[in-house]
Each structure stands twice: as C-alpha cells, then as structure tokens.
Amino acid sequence: MNIYPMITAAKRHAQAARFPQMLSTCQNIIDANGDNADALLEVGTLLLNFGYITKANECFTQAHQLTPKDLAPIANLANAARDAGEHHKCRRLNLQLLKQFPNNAIVRHSALVKMEYDADVSNTERLHQAKEWGNWAITKAGGKHKRQAMRPLTDHSLRIGYVSADICQHTVGLFVKDVLAAHKSGVVVYSSGKVNDWVTTEIKNSCGFRDVSALDDTALAEQVRKDKIDILVDLSGHTGGSRLTVFAHRPAPVQVSWLGYFATTGLPYIDAVLLDEWHAPSGTEAQFVEPIIRLPLGRFCYRPVPWAPNEVASPPCLNNGYVTFGSFNNTAKLNSGVYDVWAQVLVAVPDSRLILKWRTFADEPLCQKVKHEFSSRGIAPERIELRTASFHVDVLKEYADIDIALDPFPFTGGLTSCEALWMGVPVITWPQSRVVSRQTFSLLSVIGLQELSTNSAEGYVKIARTLATDMSRLQYLRNSMRTRMQESPLMDVAGFTTQLEETYHKLYQDIQQKNQHKKGTTMPLITIDNKEYELDLLPTKAKEQLASLQFVDAELQRLHGQIAVFQTARAAYSNALKEALPKTVDMSEVVVGNVK
C-alpha cells in the first residue's frame, strides 16, 4: 500500500491546524499498516512534530518491535522522552544508541544537545562527551588537518561563510537574517536545510547563497576552499541538520562557532566561540574546548517578525483581578526543579494563575502529568492552564493574557524571551553555570533589566512576588519595554554587525600574527622520506619516535665530529712519521699500526 498520499494529506491537515482530521488520517494509516515499520515511523514522526507524544510513542514502540536493530525507532523514542521532560529515560535511550551506533553522526549530535536539557548531567560530563565527539569527527575526516593558508588582509576584504541548516523561519534564521544583510564583508551562506520560506528568500536576496543540502562533507569542504572563505562560521553546533563534521576537514583558515549553539562543540579546530560577558562570566572557559570571545554588545541581535502586533496590551491583571504568570517554552525544558520553584511562586502569590503553552500540550497524558506535578506541590489544577500550538501570529497575541513570564532552567529562553519582552511581558530568570542557562539573563542585561534575574530559588520567588504586587511597575514595564529594547544594543543591527566584523578581523589578524611568529621561531614542517608533515599535528607516538630519532642523529653528528678530529690528528702524525723515517725506507711498505 502506498502510504505517502495519506501522509501528505495528514501533513496538510496539520499545517492548516485541522488536527482532528490529521489524527483520523494517521489512525487510518496505522490500522492499515500495523506490520510496516516505515509507515509507523512516518506517522509517528508527524504525530510527534505536532505534539501528540503518547500516540507517537505507540508507533515508535511498534516499529521497534518489528525492527529491533534499526536506529530510527529508538532515536524517536528518545526524542519523545525529551519533549515530555523525561530526561532520565532519554539519557538511557541515548546511551543505548551510542553503544549500538557509535559512528552515526546524527546519534552523536543528538546526544550532546539532549544533555543541555538534562539538569542532572554535570558540566564535566558534558565537556567530556563533547571532546569525545571532537576526536571522533577528526578521525572521520581522515585524521588531523593543518590550517589552510592565510592571505594578507591588506590585499582583500574578509570573505565570511556561514553554515546552517536553519536558514528559514527558525530561531537562527530570524536572529541572523538582518545581520547578514548589514554585512559589509563578502558573505556566502551555505544552507544545508530543506525548508525554504520567506526568511530564506530574504537571505538569498542579501548575500551569496549556496544550497549545499545534497553535498557530503568532503564536497562541501572543497566548495568552501574554492570560494576562498577566510572565516567559516558554524551556526548549528550539534543541533538538527548540523554540518559541524565539515569543520573537522578544516576547509577555512579560521573557523568560528556562533549563535546556533550554547555549549562547546568539542572540536579543537574551532578557533573561537562568540559569546558575551553575561553568557560567559569569568571561569566559563573551563567548559569549552574553544577560546571564548566576548562580544561587547551581546551575542544576540533581535528584530521582531513582520506580523508581530503593533500594539502592546495592558497587563491582564488590571481586568482579571489576579496575576497571571506564563511560559511559552518547550516542555523539554521542564524538570522537577522548575516545578518546585514555579509552585512556590504560585503559593507566594495567592489566586495567581499559570499559563503554559507548547505544542506537546495537545497530548492529554502529558497534560495530566504536568497538572499532577503542580497538584503534588499544593497547587490546585484549575490554577494551571495548558495551551497547545497555534500559528505564530496568534502565539504573540496570547502574551496579552500574561502579566509576568517565568523562565525555565537550566535551559532558558532565547527567541521566546525576546518575544515575551517585545510584547511587554517582563521575564524572571535564574542564570546558572551553563551558557544555555544564561540566555535570558544576557537579554535582560543588554536592555538594562538585570533586576529581573536572581541567583537562587528564593530570589526567583521574591522577584515574582514583589513584581506581582506592584501594579504600577507592571504597567510601566508593559508600556516602556519596546522603547527600552529599541534603544538598546539588542536591536541595533548596524552596531551589532560592525562589532561582529571587527571581531572577525581581529581574530583573523591575531591568528595570522601568531602563525607568522611560530614560523619565525620554529620549524612548522618536517620532511620524512621525502614527505612533509606539520610538526604540531603529528600523533603523540610519532612525536616520541621522532624525538628518539633526533637524539640518535645528534649523537651520530657528535661522533662524526670526533672522528673528524681524530682523522686530522692521524694525518698530522702520519706526515710527521714520514719526516722522521730514514730516506732509504720504502714508504710504500709502511702501514700504520703494522710496521714490516
């Protein structure tokens, strides 16, 4: 049976928000294809993408029973566990995947990203796993590669390449599109994603653009070299569609990580990660393989989408008579610590409500679980409202129902926090040690609202209670937030792009000068059997053998010198002997050490 027409129909229903029809079509496919693992995976993936976790899990479990050695069912079960906030289960499934499929790039990328959501994984473990990935990627790329030759900056402008699978209406695409348009340097975007929309079109019209979704790593690396890119910037890290393995081929002289990821890549060929002082306070270096460069104006540059409401609604508490808290963040960011603190907020502010919105609240069992988490902490279910997905324009309008936004942790909001603030809603945040836990803190710092951040659970609750009882403050923040943002570096596209280009130039110059200094003081290349090798890139064992060989060569050279001295002395003694012998002696018969 050809399931794809039905799958296409189900997708169309979903994209038009006709979810009952989507579910009915999916059930028809399941009923007719219970023994077809591919069909179950197709349907399960569609269901998961639109938030129906439980039904998706049933499809993936059934597919796994049919094909127990297949990667896809287990990987999708791990994704479903992440979306449900079941991080212990997700971790267990990821370990199973890594053991079964150690050389699968998607499995390795996904495991690292999922760690960022998991509050129980330590910084040490996250760094260790990232380093393991870096070593694997270099091996996969054929071993160590030397840096590409660097051209003098005086001869040309920097050519900057950006690599991403998210050049579309995605957090990355929305954050980067205006910066790309404002670039003065030559820019080439390498788009490896499959979605093309209005953001893609804007970016295509503003800079060089290559669709590289069909290229493998080797071909993409070669294309970067042909384009003579000076600085190659990764915008994905380990997130979906990542092409970070291309960077293990070292196709550009300078390579940078920025924007799309929130931790170390683990790849030693990345010359810098671009953060800021709020994302990366002193000591953050211990969590990174890459050197950290702190952008003075912040890591993000925000512009609202064209359909954002022109007006900001008044705080709903003025009409409701009670304060409404809210969060429109991914349910993967929910954990026991978040439930604890948010429940304490609701206890501290009597009669307050909490609105949570994400696509997974289409799943009734998840809704029951979330409400149970709050009721077990003393919060009546009727104080919790769970809303499912809607079109983006409607999501933004729904901020009119919220007085104060609550930021989850350790994975905080990024674009979500920007949008809440743009709609006049203050966001309370608790920055911790991970970079991803400090995103909202950075945004608040740039716009001058650091007082909405705290360093403890008690502080979080105190800020919420204080703000909830100060109607004039809420009204003032609501009315002034857009002006505050517009007048800050957060929305200064020209200023942000200038600092970015200056950062690129300085990084390039610093690395170039460092390399020139190294060439002037050391021998970067060594010739062995008529082949040149970069000394710094030799494996440890090779370096050890080379050191032993160099020692023996030095001893031989010393001994050769001593032999030369003795040979000179021998010649002198021989000449003296000739002079001393009687003239009648036949010198042809004289043998030194053996006189006849």
Side-chain angles (χ1 to χ4, degrees), residues 11-19 22 49-51 164-182 189 191 193-207 209 235 259-260 300-316 324 326-330 355-362 385 387-403 405 413-427 439-440 443 447 477-488 490-494 496:
K11 288 179 179 178
R12 286 175 179 165
H13 287 313
Q15 289 161 358
R18 298 189 296 265
F19 294 115
M22 181 201 82
N49 287 342
F50 285 91
S164 177
D166 303 315
I167 304 301
C168 57
Q169 190 184 317
H170 176 279
T171 298
V172 169
L174 291 172
F175 269 132
V176 81
K177 66 181 179 64
D178 296 296
V179 174
L180 293 175
V189 171
S191 175
K194 297 180 180 179
V195 177
N196 289 280
D197 55 26
W198 68 278
V199 173
T200 317
T201 300
E202 278 199 17
I203 291 174
K204 281 182 178 179
N205 292 336
S206 69
C207 58
F209 187 93
L235 299 177
L259 186 61
F300 296 128
C301 185
Y302 172 69
R303 282 289 177 90
V305 290
W307 52 84
N310 292 326
E311 302 296 328
V312 172
S314 297
T324 303
S327 174
F328 291 178
N329 278 278
N330 189 341
I355 296 175
L356 303 180
K357 181 179 177 66
W358 191 251
R359 64 173 179 268
T360 48
F361 289 127
E385 181 182 348
R387 299 182 181 181
T388 188
S390 56
F391 294 112
H392 194 196
V393 63
D394 296 318
V395 173
L396 296 175
K397 289 177 181 177
E398 289 181 56
Y399 279 108
D401 300 331
I402 296 175
D403 294 291
L415 181 62
T416 304
S417 293
C418 283
E419 292 183 339
L421 293 167
W422 183 249
M423 298 310 300
V425 181
V427 186
Q439 295 185 124
T440 301
L443 297 170
I447 67 173
L477 288 173
R478 200 83 169 197
N479 294 339
S480 63
M481 193 71 77
R482 286 193 175 181
T483 301
R484 179 187 292 272
M485 294 173 74
Q486 288 167 333
E487 293 177 351
S488 76
L490 179 62
M491 296 185 68
D492 179 5
V493 175
F496 183 92

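This structure is a prediction, so every number in the text was calculated from the model and none was measured. Every heavy atom of this structure was used, including side-chain atoms; hydrogens, water molecules and symmetry mates were not.
The side chain to side chain contact (heavy atoms under 4.5 Å, CB included) search around Ala494 returns Asp492, not counting sequence neighbours. By the side chain to side chain donor-acceptor pair (under 3.5 Å) test, Ser327 is found to be paired with Asn329, residues two or more places apart in sequence or in another chain being considered. Under the side chain to side chain contact (heavy atoms under 4.5 Å, CB included) criterion, Val199 pairs with Gln169, Leu174, Lys177, Asp197, Ile203, sequence neighbours left out. Residues that satisfy the side chain to side chain contact (heavy atoms under 4.5 Å, CB included) test with Ser488, not counting sequence neighbours, are Val446, Ile447, Leu490. Residues passing the ring pair (Phe, Tyr, Trp, His ring centres under 6.0 Å) test with Trp198, sequence neighbours excluded: Trp307. For Asn330, the side chain to side chain contact (heavy atoms under 4.5 Å, CB included) partners are Tyr117, Ala332, Lys333, Trp358, not counting sequence neighbours. Taking the ring pair (Phe, Tyr, Trp, His ring centres under 6.0 Å) definition, one finds that Phe300 meets it with Phe175, His279, sequence neighbours left out. Judged as a side chain to side chain donor-acceptor pair (under 3.5 Å), and not counting sequence neighbours, the contacts of Arg18 are His13. In terms of the ring pair (Phe, Tyr, Trp, His ring centres under 6.0 Å) criterion, Phe209 has no residue partners (sequence neighbours excluded). With sequence neighbours excluded, no residue forms a side chain to side chain donor-acceptor pair (under 3.5 Å) with Thr416. Listed by chain and residue number, nothing satisfies the side chain to side chain donor-acceptor pair (under 3.5 Å) test with Ser164 (two or more places apart in sequence, or in another chain).
Across all their heavy atoms, Gln439 and Gly413 have their closest contact at CB-O, 3.3 Å. Taking both residues in full, the closest heavy atoms of Gly424 and Met481 are given as CA-CB, 3.9 Å, listed atom of the first, atom of the second, then distance.
At least one donor-acceptor pair under 3.5 Å links the side chain of Asp403 to the backbone N or O of Thr324. In this structure, the side chain of Thr388 does not engage the main chain of Phe361 through any donor-acceptor pair within 3.5 Å. In this structure, Ser191 contributes its side chain and Ile167 its backbone to no donor-acceptor pair below 3.5 Å. For the pair Arg478 (side chain) and Val425 (backbone), a donor-acceptor distance under 3.5 Å is absent. Counting only distance, with no hydrogens or angles, the side chain of Arg482 and the backbone of Trp422 share a donor-acceptor pair below 3.5 Å.
For the atom pair CE (Met423) and SG (Cys418), the distance works out to 13.5 Å, reported to the nearest 0.5 Å. Atom OG of Ser206 and atom CG of Leu180 lie 5.5 Å apart (nearest 0.5 Å). Going from atom OG of Ser480 over to atom CE of Met485 covers 11.5 Å, rounded to the nearest 0.5 Å. Rounding to the nearest 0.5 Å places OG of Ser417 at 11.0 Å from OH of Tyr302.
Using a 4.5 Å cut-off on side-chain heavy atoms (C-beta onward), Cys168 and Lys194 make no contact. Within the 4.5 Å cutoff, the side chain of Leu235 has no heavy atoms near those of the Asp166 side chain.
Note on residues 388-402: pairs passing salt bridge (charged side-chain N to carboxylate O under 4.0 Å, His left out), not counting sequence neighbours, are Lys357-Glu398, Arg387-Glu398, Arg387-Asp401.
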Please evaluate residues Val305 and Leu396 with respect to the criterion side-chain contact (heavy atoms from CB on, under 4.5 Å), reporting the C-alpha separation (whole Å), side-chain torsions for both, the decisive distance (0.1 Å), and the verdict. CA-CA 10 Å; Val305 290; Leu396 296 175; 3.8 Å; yes

Kindly determine whether Phe328 and Leu356 satisfy side-chain contact (heavy atoms from CB on, under 4.5 Å), including the steps that lead there. CA-CA 6 Å; Phe328 291 178; Leu356 303 180; over 6 Å; no

Does Val427 form a side-chain contact (heavy atoms from CB on, under 4.5 Å) with Leu421? I'd like the steps, not just the answer. CA-CA 7 Å; Val427 186; Leu421 293 167; 3.9 Å; yes

